[in-house]
Amino acid sequence: MNSTSPEKWPRPDTDPPEPAAGSISARAAAAATPPYLDGLNPEQYEAATTLDGPLLVLAGAGTGKTRVLTTRIAHILTTRRAFPGQILAVTFTNKAAREMKNRIGKLIGGVAEGMPWLGTFHSIGAKILRRHAELVDLKSDFTILDTDDQIRLLKQVLAAENIDDKRWPARQFAWMIDNWKNRGQRPKDISGGDGFSFAGGRGGELYGLYQSRLKALNAVDFGDLLLEMIRLFQDNPDILAEYQNRFRFTLVDEYQDTNVAQYLWLRLLAQTRTDEDGETLPQNICCVGDDDQSIYGWRGAEVENILRFDKDFPGAKIIRLERNYRSTSHILQAASHLISHNEGRLGKELHSVGEDGERVAVRGVWDGEEEARAIGEDIEQFQRKKHNLNEIAILVRASFQMLEFEDRFVTLGLPYRVIGGPRFYERKEIRDALAYLKIISSSANDLAFERIINVPRRGLGDATLKVIHALARSQSISLFDAARILAETEELNTRSRRSLASLMAMFERWQNQKETSSHTELAEIVLDESGYTEMWQKDRAADAPGRLENLKELVRSMQDFENLAGFLEHISLVMDTEANSEETDKVNLMTLHAAKGLEFDTVFLPGWEEGLFPHQRTLDESGRAGLEEERRLAYVGLTRARKMASVSFAQNRRIHALWQSALPSRFLDELPAAHVKILENQNNYGASMGNNNVESRFDRNPADFSGNYNTPGWQRAQQQHAQPRTPMARSGPKQIDGEIVGRDTGSGSSQMLGNRVFHQKFGYGEVMAVDGDKLTVEFDKAGTKRVLASFVEQH
DNA sequence: CGATGCTTCATTTTT
DNA sequence: TGAAGCATCG
């Protein structure tokens with residue numbers, strides 16, 4: 001809580017006037033004094049010191065974006081334009097927020113009480129909502145549900161409404177609701193069209209029911225943290241004005257990733273500012289982002305927001321940061337040329353300040369296994385040259401690609417770490433342990449109670465739970481209270497009753513101990529006495545020891561907090577623990593998405609094949625926009641590399657169970673030949689298998705492969721290389737929005753209606769219906785089946 | 001209530 | 001192919 005009253009803050013007109021940024025006096029002053037401005041290039045300097053009015057900083061990859069943001073905050077603080085509590089700074093991830101805090105601290109020498117309003121959209125939302133909870137029908141101690149709780153609650157709602165959860169899975173509905181909330185839509189805003197796509201038109205209605213259940217539980221989900229904040233501001237202009245006045249400066253990181261709800265919220269808060277005299281002033285908002293790195297469109301991010309900035313904030317100044325300090329020239333030019341194929345962009349030209357370096361390597365291999373082998377060998381080479389493994393990363397499009405690398409690295413004995421992956425808080429054991437603690441903290445948490453009532457097994461299954469539910473509903477009390485009553489009555493059979501009574505007694509004891517023991521001690525006691533630890537000790541599954549380790553880690557991480565409540569609030573919003581230490585030297589393995597914001601000396605980019613990258617599904621679902629987002633992903637991947645980037649593609653890849661031949665990704669063609677070198681394929685499987693006399697570009701000396709990828713030889717090589725064995729489907733190119741986006745990969749699904757096809761499992765049949773990439777096929781022997789288009793061959 | 005076999009599905013994921 | 005969730009049986 002920030003208790004500083006607005007009256008005590010310096011008024012703008014009483015502050016010393018700030019010299020106009022970029023003026024001679026400003027520069028002179030900067031040169032003379034603040035060390036934090038040292039070493040900024042002119043654009044960075046301008047971005048950090050232009051404090052008044054709306055500002056958009058287009059910061060290309062590796063151009064010092066975070067540096068500008070943190071320096072700007074340092075500048076605001078040291079020039080006394082605002083107190084820490086008057087600066088709103090939002091990020092998307094906790095990691096980014098953390099890093100910013102650290103770097104500001106370093107710049108101005110340890111911030112005493114930090115920045116209270118520097119955080120993620122969601123953590124700031126939670127903070128504001130807790131202050132005004134009653135205005136949005138909540139109590140200030142509302143709980144924040146995570147995805148898992150959300151789905152369990154949705155299942156209940158759907159079950160209560162007799163919705164067949166096989167046809168209409170709760171998961172899918174959770175995703176829809178998330179999307180609605182990302183777009184700022186509340187149940188009443190769900191038009192027929194959107195609502196009809198779920199449960200035969202009941203989508204909007206069910207969404208409403210879910211929301212009332214949330215209110216009844218005094219709970220919100222992540223989307224609500226934004227949505228309710230918007231509602232709060234819209235319905236209470238006085239409160240909005242209070243915050244508009246409080247925040248003298250607003251900074252937004254990764255603006256290209258904002259969704260509609262976040263945008264609406266920012267606009268409410270930062271478009272104008274009304275001062276005490278009722279005058280409307282332009283707000284000092286600074287958004288930093290890169291339209292070329294927008295890769296989260298699929299989860300609601302609107303690139304439009306950044307493209308439209310100067311219309312939303314009239315008089316906005318736009319500064320481009322185009323000096324790249326990260327990558328060598330070859331890598332940068334390759335990436336720039338690739339991204340120039342996108343149309344919807346603000347346009348930026350990155351320049352390297354470094355050396356030319358090495359060209360981007362491109363290598364074709366026979367299959368995924370060979371790809372892993374080749375990259376493994378390369379890495380061993382680096383290792384021999386004493387390169388740091390921490391400085392090497394493999395960036396894949398989809399996580400299943402990681403398996404092959406893990407296999408290979410294990411056999412090589414090459415240490416590696418996977419970044420991203422399942423999160424700490426998502427682990428079952430952590431969620432269970434947290435559920436216990438949540439109940440102790442607030443016994444009304446029904447979802448937590450349901451989660452652990454029978455974990456470990458104590459004979460309290462569905463039957464018992466049903467009785468508890470019934471009582472809770474009829475009396476309008478929490479499950480916990482209902483259970484306590486039932487433990488003392490004859491409603492249940494003896495065995496269940498005893499078991500329940502002992503559980504309730506334990507909780508009572510723990511709740512009392514909350515006062516006397518520290519929260520870490522309490523956690524240990526709870527895990528021990530509940531039998532939870534024992535449950536995993538007895539479990540002989542391979543992952544059981546790891547889970548016990550995680551539980552220890554959980555208790556350890558609690559030490560950083562003063563009390564249980566503080567820990568739980570943190571965990572429901574942050575929930576990641578920085579477990580991946582960089583102490584040991586390991587190769588990094590992650591998805592392209594997870595790589596955003598990171599950089600490495602050497603980057604391997606495997607799997608550049610049509611259908612995988614760009615991913616077929618993105619193309620099918622989002623057409624041209626999807627293709628552009630995939631291209632941005634490729635751009636992000638390349639620009640992670642400081643010194644070396646190596647792209648590869650396989651001619652054959654095993655997708656679920658079966659082999660598919662693949663074409664090299666179109667993105668390869670979009671790399672400029674002048675900045676690329678073709679690697680000789682060492683094992684040369686491709687040449688030895690099946691395409692004997694065909695001259696392929698891999699047989700050539702890289703030196704005389706000087707032209708572009710449109711040479712006849714390249715075209716021919718592609719044709720011959722890609723389809724050496726299986727004659728795949730030859731349907732026409734896929735058209736979406738009148739543009740060709742889907743190259744024939746053997747899985748094109750349009751124009752297949754009525755065709756004869758062959759399926760590995762079901763044999764021959766005729767296509768009766770086409771639904772995206774799914775086909776309804778009447779098979780000669782197996783009957784009518786729904787199959788994936790990519791699983792059939794046309795005949 | 002709990003274990004076992006069956007079906008289904010397979011891109012990216014933060015908060 | 002393999003995991004995960006679900007339904008059914010003991």
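Chain letters run A, B, ... following the sequence lines, proteins first and then strands; every chain starts at 1.
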Worksheet item: Roughly how many Å is it from CG in A:Asp146 to P in B:dT13, rounded to a whole number?
Response: 18 Å
Discussion item. If I take atom NE2 in residue A:His593 and atom P in nucleotide B:dT12, what distance separates them, rounded to the nearest angstrom?
Written reply: 9 Å
Worksheet item: Base, sugar-phosphate, or nothing for A:Asp462, non-hydrogen atoms under 4.0 angstrom?
Response: sugar-phosphate
Item to complete: Could you tell me the separation between the CD atom of A:Gln401 and the P atom of B:dT11, rounded to a whole number of Å?
Response: 12 Å
Fill in: Closest to side chain of A:Ala398, choosing from B:dG2, B:dT15, B:dT12
B:dT12
Worksheet item: Is any NZ, NE, NH1 or NH2 atom of the basic residue among A:Lys215 and A:Glu228 found under 4.0 Å from an Asp or Glu carboxylate oxygen of the other?
Response: yes
Worksheet item: When we call it a touch if two heavy atoms are under 4.0 Å apart, what does A:Asp257 touch: a base, just sugar-phosphate, or nothing?
Response: nothing
Worksheet item: Between A:Lys155 and C:dC6, is there a side-chain N or O to OP1/OP2 distance below 4.0 Å?
Response: yes
Worksheet item: Any idea which of B:dT12, B:dT15, B:dT13 is nearest the A:Thr93 side chain?
Response: B:dT15
Worksheet item: So what does A:Leu460 touch, heavy atoms closer than 4.0 Å: a base, only the sugar-phosphate, or nothing?
Response: sugar-phosphate
Worksheet item: What does A:Ser496 touch in the nucleic acid at a heavy-atom separation under 4.0 angstrom: a base, only the sugar-phosphate, or nothing?
Response: nothing
Item to complete: Return the stacking result for B:dT12 and A:Trp298: yes when the ring centres lie under 5.5 Å apart and the planes under 30°, no otherwise.
Response: yes
Discussion item. Quick check on A:Gln156: does its CD atom have over 12 non-hydrogen neighbours (other residues, nucleotides or ligands) under 6.0 Å away?
Written reply: yes
Worksheet item: How do A:Gly459 and A:Glu630 order along DNA chain B: which one's closest nucleotide is nearer the 5' end?
Response: A:Gly459
Practice prompt. Mind checking A:Arg654 for me? I need base, sugar-phosphate or nothing, with any heavy atom below 4.0 Å counting as a touch.
Written response: nothing
Practice prompt. Determine the interatomic distance between C1' on B:dT12 and the same-named atom on C:dG5; round to the nearest Å.
Written response: 22 Å
Discussion item. Quick check against the 3.5 Å criterion: does A:Arg497 have a side-chain atom that pairs as donor or acceptor with the backbone of A:Ala487?
Written reply: yes
Discussion item. Measuring to OP1 and OP2 of B:dT11, would you say a side-chain N or O of A:Arg617 lies under 4.0 angstrom away?
Written reply: yes
Discussion item. Parallel, tilted or perpendicular, judged at 30° and 60°: which one describes the rings of A:Trp180 and A:Tyr207?
Written reply: parallel
Worksheet item: What does A:Lys181 touch in the nucleic acid at a heavy-atom separation under 4.0 angstrom: a base, only the sugar-phosphate, or nothing?
Response: nothing
Worksheet entry | Rounded distance in Å - CG (A:Leu633) to P (B:dT12) | 11 Å
Worksheet item: Would you say A:Thr591 reaches B:dT11's phosphate, i.e. side-chain N/O to OP1/OP2 under 4.0 Å?
Response: no
Worksheet item: Rounded to whole angstroms, how far apart are OH on A:Tyr635 and C1' on B:dT12?
Response: 20 Å
Worksheet item: To the nearest Å, how far apart are A:Leu129 CG and B:dT15 P?
Response: 18 Å
Discussion item. Please report the distance, rounded to the nearest Å, between CZ in A:Arg299 and P in B:dT13.
Written reply: 9 Å
Discussion item. I want to verify a distance call: between B:dG2, B:dT11, B:dT15, whose nearest atom is closest to the A:Glu621 side chain?
Written reply: B:dT11
Practice prompt. For nucleotides B:dT13 and C:dG2, find the distance between their P atoms and express it as a whole number of Å.
Written response: 22 Å
Item to complete: Could you pick out which residue, A:Lys166 or A:Asn454, lies toward the 5' side of DNA chain B when each is mapped onto its nearest nucleotide?
Response: A:Asn454
Worksheet item: Is A:His122 stacked on the base of B:dT15, with ring centres under 5.5 Å apart and planes under 30° apart?
Response: no
Discussion item. Below 30° counts as parallel, above 60° as perpendicular, anything between as tilted: where do the rings of A:Trp265 and A:Phe233 land?
Written reply: parallel
Worksheet entry | Charged N-O contact under 4.0 Å between A:Arg653 and A:Glu371 | yes
Item to complete: Quick one: sort the A:Phe409 and A:Phe405 rings into parallel, tilted or perpendicular, breaks at 30° and 60°.
Response: tilted
Discussion item. What's the gap between B:dT11 and C:dA4 when it is taken at their P atoms, as a whole Å value?
Written reply: 15 Å
Worksheet item: Given atom NZ of A:Lys428 and atom C1' of C:dG5, what is their separation to the nearest angstrom?
Response: 12 Å
